[in-house]
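Here is the naming used below: chain letters follow the sequence lines, and residue numbers restart at 1 for every chain.
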2 protein chains.
Amino acid sequence: MSTIIDVARAAGVSTATVSRVINTPQAVREATRTRVLAAMEACHYRYNALARGFATKRTRTIGLIIPTITNPGFAESTRGIQERAAAAGLSVLLGNTNYDPETEEKLIRVFREMQVDGLVITTTNPNNPILKNLVAEGFPFVVLYSTVRRGHMSCVGVDNYRGGYMATQHLIDNGHRRIAMIAGAFRSSDKSRGRWDGYRQCLRENGLVYDKDFLAQTTYSLASGREVIQQLLRLETPPTAVFCSNDYLAIGVMEGARDAGLELPADLSVVGFDDIPLASYVTPGLDTIRLPAYEMGALGFEALLERIEKGGQTPVHRMLGLELIVRGSVAPPRGNA
Amino acid sequence: MSTIIDVARAAGVSTATVSRVINTPQAVREATRTRVLAAMEACHYRYNALARGFATKRTRTIGLIIPTITNPGFAESTRGIQERAAAAGLSVLLGNTNYDPETEEKLIRVFREMQVDGLVITTTNPNNPILKNLVAEGFPFVVLYSTVRRGHMSCVGVDNYRGGYMATQHLIDNGHRRIAMIAGAFRSSDKSRGRWDGYRQCLRENGLVYDKDFLAQTTYSLASGREVIQQLLRLETPPTAVFCSNDYLAIGVMEGARDAGLELPADLSVVGFDDIPLASYVTPGLDTIRLPAYEMGALGFEALLERIEKGGQTPVHRMLGLELIVRGSVAPPRGNA
DNA sequence: GTGAAAGCGCTAACAG
DNA sequence: CTGTTAGCGCTTTCAC
């Protein structure tokens, strides 16, 4: 490949001038500039962003870490980040952890070795010491989905506790008293745990007992929702309603309940979390807690960009609003009303 | 940050030795190695992959271009690529084109400026001259989803024509004669066009007329499927069946048909394409053409890796099998037997 | 406005 | 086994 040196030679200028034509064209006389541009064309010159990154120590690349690309919620936040990043002229390196903390650590390391300018992390555990190190080093990053109130980490997220509470209250308002929860494994998802805390607290405040047989922890997928609900339904007094910590799980649950011969929502009420596009396409439409994923990604990126450009140290804490969406997957329990 | 030079100084060796400890540890005497390792630890040394890339002209990074992260089909192929890439120690840069050819070109340029070692491209148009240039330059890349029989491009894909044919035949076998097709815009998706060709040919070979009112081109999304079917149903003689060029569209169609008061599959039969996980979670289960997306990604990556490592020039052409999956969204038309 | 020259942190011969 | 020594292609003072 031809380099700046070749171009400089072909145009009869110095490499510094070629560099100026690329980076600060207005700092070069018109005539010189067009000559250089022509030379670049003639040489089939291609800019080497790696060399620039090496020289400037800025790569205009950020790393994005998500649990899995397969979940539409993360797809949305990713879209929010990528669109804003593209507009700002930054590239996004994407990595998935599959909810595995070790993979998360590895990705952080690899991205830093690649000299990314910053990181957006959807972490399985915001208390991970690795993140504290990042803060200590002053490395720019923002955490998505979670919100850590204390601490010096920038976060753009939602109040998962509150969302869990809202979902549960919705079921209680419809007359349910035997409410199960199917959650992502707490070990691999603090979001899941926050939602569970909200669920428990809501039960308590409504004078309902928390039955630990009614909590199932599993992986986030359609298939596990479908399986787990079957177990729950086999209990001596099965739940009349279930709150799932994401929509995928909830849709799996709906299907699993049908497999078991139940009619929805009469025999089982279901509430999800996220409001993925699909939630309005299943039958009945899924009641869920809407999480503004795209917006969260976009705002997260903006916060990161600010940190990168301005180099400030003050952490950003944004808590986005959640909203209960009612579509028809919740009804009063059979015995009731 | 500390560099190899600092580490070398701290360990009392040359930078070359430090480099060896990193890249070919077995080429360094045990004692020296542990001394260097200790020095790295003490200096909080972090490897600079950018500098290596600059020096070696290999970044161990590939670029992946897909239309949109939002479609679960692409999410699956992406997963296939990422998992294999991670296993091979390569990182993946992800970019989406939103089915826009200009964005596709821009991404190719940006990735090449970043000196990726190769590219996996899910293109909107395999005949794009840009791709020919890539071939001419000998730059390693592979095209996914499409299969160009002629030409020197490596492809790992499926026979979209055949898939379209299979889907249509399935409907005809069930007694349908008025079969519509809802496709992604041909301008932005050659896959869609291939599937359409198969659809038309199948109609013809079965002695059915191809009614161009029965073809709708739209964007690939749940929402557009939902809208477009409404228009189709308003025709004087509406179709009794519809073949959608992807599952998202098909699921949208099912919902749109329900909005219009139809009963499925009795009033309208639907066939999709891809077999996304969700296809078995809607009611009725979606009949579709299964496309092995994960496998395609994995094989595509392997083909690319081979090209990168061995530097061969012989193009790979892999055509993966398609399979009709029957779940219940197709039934004989009402008037019929 | 433009040029000269010194690196950025690593690797890769080539010696020894 | 280990050290020496050039670069890789670009940016960036500092002169002119």
Side-chain angles (χ1 to χ4, degrees), chain A residues 1-40 43-61 89 91 109-117, chain B residues 1-40 43-61 89 91 109-117:
Chain A
M1 233 9 250
S2 67
T3 75
I4 262 195
I5 303 182
D6 304 318
V7 174
R9 188 154 26 224
V13 298
S14 73
T15 59
T17 298
V18 178
S19 176
R20 285 187 194 105
V21 168
I22 296 169
N23 298 293
T24 52
Q26 69 289 1
V28 176
R29 200 201 311 153
E30 163 98 47
T32 327
R33 197 193 321 151
T34 52
R35 195 147 39 90
V36 170
L37 257 10
M40 285 168 65
C43 298
H44 299 291
Y45 172 71
R46 176 179 308 113
Y47 186 68
N48 186 329
L50 201 64
R52 180 211 30 207
F54 182 53
T56 62
K57 307 180 150 202
R58 294 267 275 96
T59 56
R60 303 198 64 73
T61 297
S91 299
R109 186 170 52 68
V110 169
F111 283 160
R112 294 204 64 190
E113 288 185 355
M114 297 179 83
Q115 314 299 117
V116 295
D117 294 339
Chain B
M1 232 10 250
S2 67
T3 76
I4 261 194
I5 302 182
D6 305 317
V7 174
R9 189 156 24 224
V13 298
S14 73
T15 60
T17 297
V18 177
S19 177
R20 285 186 195 103
V21 170
I22 296 170
N23 298 292
T24 52
Q26 71 288 2
V28 177
R29 199 202 310 153
E30 164 97 47
T32 327
R33 196 192 321 150
T34 50
R35 195 147 39 92
V36 170
L37 258 11
M40 286 169 64
C43 299
H44 298 291
Y45 172 71
R46 176 180 309 114
Y47 187 66
N48 186 329
L50 202 64
R52 178 209 35 205
F54 182 53
T56 60
K57 307 180 148 202
R58 296 266 276 97
T59 55
R60 302 196 67 71
T61 297
S91 299
R109 186 170 52 68
V110 169
F111 282 161
R112 294 205 63 192
E113 289 186 353
M114 297 180 84
Q115 314 299 114
V116 295
D117 294 339

Quick one: pull up CD in Glu113(B) and CZ in Arg46(A) and give me the separation to the nearest 0.5 Å. 8.0 Å
Nearest-0.5 Å distance that lies between atom OG1 in Thr56(B) and atom CG in Asp117(B): 8.0 Å
Per atom distances to the Ala55(A) side chain, the nearest of dG7(C), dA4(C), dC10(C) is dG7(C)
In whole angstroms, the gap separating P of dC10(C) from CZ of Arg60(B) amounts to 17 Å
To the nearest angstrom, how far is Arg58(A) atom CZ from dT12(D) atom P? 11 Å
Check the distance between dT11(C)'s C1' and Leu50(A)'s CG and give it to me in whole angstrom. 14 Å
What nucleotide among dC10(D), dC10(C), dG3(C) has an atom nearest to a side-chain atom of Arg52(A)? dC10(D)
Does Asn48(A) have a side-chain nitrogen or oxygen under 4.0 Å from the phosphate oxygens OP1 or OP2 of dC8(D)? no
Reported CG-to-NE2 distance for the pair Asp6(B) and His44(B), which is rounded to 0.5 angstrom: 12.0 Å
Side-chain donor/acceptor of Arg46(B) to base of dG9(C), under 3.5 Å: no
Between Ser14(A) and dG3(C), does any side-chain N or O lie under 4.0 Å from OP1 or OP2? yes
Does OP1 or OP2 of dG3(D) have a side-chain N or O of Thr17(B) closer than 4.0 Å? yes
Separation of Asn23(B) atom CG from dC1(D) atom C1', in whole Å? 16 Å
Nearest-angstrom distance from the residue atom CD of Gln115(B) to C1' of dG9(D): 9 Å
Rounded to the nearest Å, what distance is computed from the CD1 atom of residue Ile5(B) to the C1' atom of nucleotide dG3(D)? 14 Å
For dG9(D), does OP1 or OP2 lie under 4.0 Å from any side-chain N or O of Lys57(B)? yes
Among dG3(C), dA12(C), dC10(D), the one nearest Ile4(A) by side-chain distance: dC10(D)
Ranking dA5(C), dC8(D), dT5(D) by distance to the side chain of Phe54(B), first place goes to dC8(D)
With nearest nucleotides of DNA chain D determined for Thr32(B) and Thr56(B) from heavy-atom distances, which residue corresponds to the more 5′ nucleotide? Thr32(B)
Going by heavy atoms in the side chains, are Tyr45(B) and Leu37(B) under 4.5 Å from each other? no
Can you tell me the distance, in whole Å, between the CE atom of Met114(B) and the C1' atom of dG9(D)? 16 Å
Pick the closest DNA chain D nucleotide for Tyr47(A) and for Val13(B) by heavy atoms, then say which residue is nearer the 5' end. Val13(B)
Of all the nucleotides listed (dC10(C), dT11(D), dC10(D)), which has the minimum atom distance to the side chain of Thr15(A)? dT11(D)
Send over the distance from Arg20(A) CZ to dG3(C) C1', rounded to a whole Å. 8 Å
Return the OG1 to CE distance between Thr59(A) and Met114(A), rounded to the nearest 0.5 Å. 9.0 Å
